[in-house]
Every structure is written in C-alpha cells, then in structure tokens.
Amino acid sequence: MNDDEMIDYYSRLVAGLGGRTVAHYRNGIFLVLSDDRKRWLMDDTIEETFYLVSKPHSIRVEGVPINSLSVDVQSGKYFVDLTDEERASAYSCRNGFRNFFSEAIR
C-alpha cells in the first residue's frame, strides 16, 4: 500500500466510525549490542494516544501517511501542524525511548 492508498483506507475506515476515533500507536524496540547483549521494549512507555480523523490534512509526510489523519488530543491540531515545541510535549513516548537507550548502553 502506498501513502495515498493508506490515507484513503484509514480515512474511509474512520468515516465509518463517525469521523473521529481514539487511536493508540505502540512502538517496539529491539537493540542488538552484541551476540550476547540484546535489549527490547514494547510497552505503554513508548505508546502514543491520539485522534484518528476521516478528513485528511493537505500536508503529507512521505513515509508517514497517518500523520495527515492524526490529531493531537491536547491541542486538537493535526500532527503535521504542531510546532517543534508542541510536538515535543505531544509525543510522550520520547521519554520512554530516552530511558530505554540510557539504560541499555550502561
């Protein structure tokens, strides 16, 4: 599926749910430091909660098509419209990533 097809698919899916729904995106990390040193994480510390909406924003981010359908819960802005400062506070999972890598490289 290319970016436009993905936007179209999720836009229609969310339209069928009333035009907006709460969504969760869970990341996963698997870090190989050496053959005998491997670390992984997949939990709610690297999960995001946001609104997925049916009306796509006109701005596209190549390779991240869902951002044009994603709205920050706190500000009500599309992800593509967030300032750097707003983005830093909106993406709460960044702390989870930082903590993981800080502990993994000790």
Side-chain angles (χ1 to χ4, degrees):
M1 204 181 284
N2 67 35
D3 287 2
D4 288 333
E5 291 169 335
M6 186 173 274
I7 290 168
D8 183 57
Y9 173 83
Y10 281 103
S11 178
R12 286 185 284 117
L13 177 69
V14 175
L17 298 171
R20 183 177 89 171
T21 190
V22 175
H24 302 276
Y25 184 87
R26 180 167 282 185
N27 294 286
I29 305 170
F30 189 84
L31 177 64
V32 178
L33 299 163
S34 66
D35 285 343
D36 59 340
R37 248 183 106 201
K38 299 172 182 142
R39 303 286 183 263
W40 59 88
L41 177 67
M42 188 172 146
D43 66 19
D44 62 356
T45 64
I46 55 174
E47 178 180 290
E48 294 295 340
T49 299
F50 56 96
Y51 292 125
L52 201 58
V53 297
S54 60
K55 184 178 183 218
H57 196 288
S58 60
I59 295 175
R60 302 288 190 264
V61 178
E62 188 176 344
V64 192
I66 296 301
N67 274 4
S68 63
L69 294 171
S70 300
V71 172
D72 176 49
V73 172
Q74 291 183 12
S75 69
K77 291 182 175 182
Y78 281 89
F79 279 13
V80 294
D81 285 335
L82 294 174
T83 65
D84 289 340
E85 186 177 305
E86 290 169 326
R87 193 173 293 111
S89 66
Y91 296 142
S92 60
C93 73
R94 285 184 178 186
N95 289 334
F97 280 108
R98 284 187 188 109
N99 293 340
F100 170 80
F101 284 106
S102 293
E103 292 181 22
I105 60 174
R106 286 185 184 174

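For this chain, numbers begin at 1 and follow the sequence in order. Everything numeric in this text was worked out from a predicted model, so none of it was measured.
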Qualifying salt bridge (Lys or Arg N to Asp or Glu O under 4.0 Å) pairs, either residue in residues 27-40, two or more places apart: none
Shortest non-hydrogen contact from S68 toward I7: OG-CD1, 3.3 Å
Residues clustering with V73 (ILVMFWY side chains joined when closer than 4.5 Å, directly or via others): V22, Y51, V53, I59, V61, V64, V71, Y78, V80
Test side chain to side chain donor-acceptor pair (under 3.5 Å) applied to R20 - qualifying residues, sequence neighbours left out: none
Where L33 and A104 come nearest, the two heavy atoms and their spacing: CD1-O, 3.3 Å
Minimal non-hydrogen separation, D3 against G63, with atom names: OD2-N, 2.8 Å
Whether D44 side chain and E47 backbone form a donor-acceptor pair below 3.5 Å: no
Considering all heavy atoms, the nearest P56-S11 contact: CD-OG, 4.0 Å
F50: ring pair (Phe, Tyr, Trp, His ring centres under 6.0 Å) partners, not counting sequence neighbours: F79
Remaining members of the apolar cluster that contains V32, side-chain heavy atoms under 4.5 Å: F30, W40
Sub-4.5 Å side-chain heavy-atom contact between D4 and R60: yes
ILVMFWY cluster, L69 and Y25 together (side-chain gap under 4.5 Å): yes
Residues that F97 engages under side chain to side chain contact (heavy atoms under 4.5 Å, CB included), provided they are two or more places apart: N27, I29, I46, C93, F101
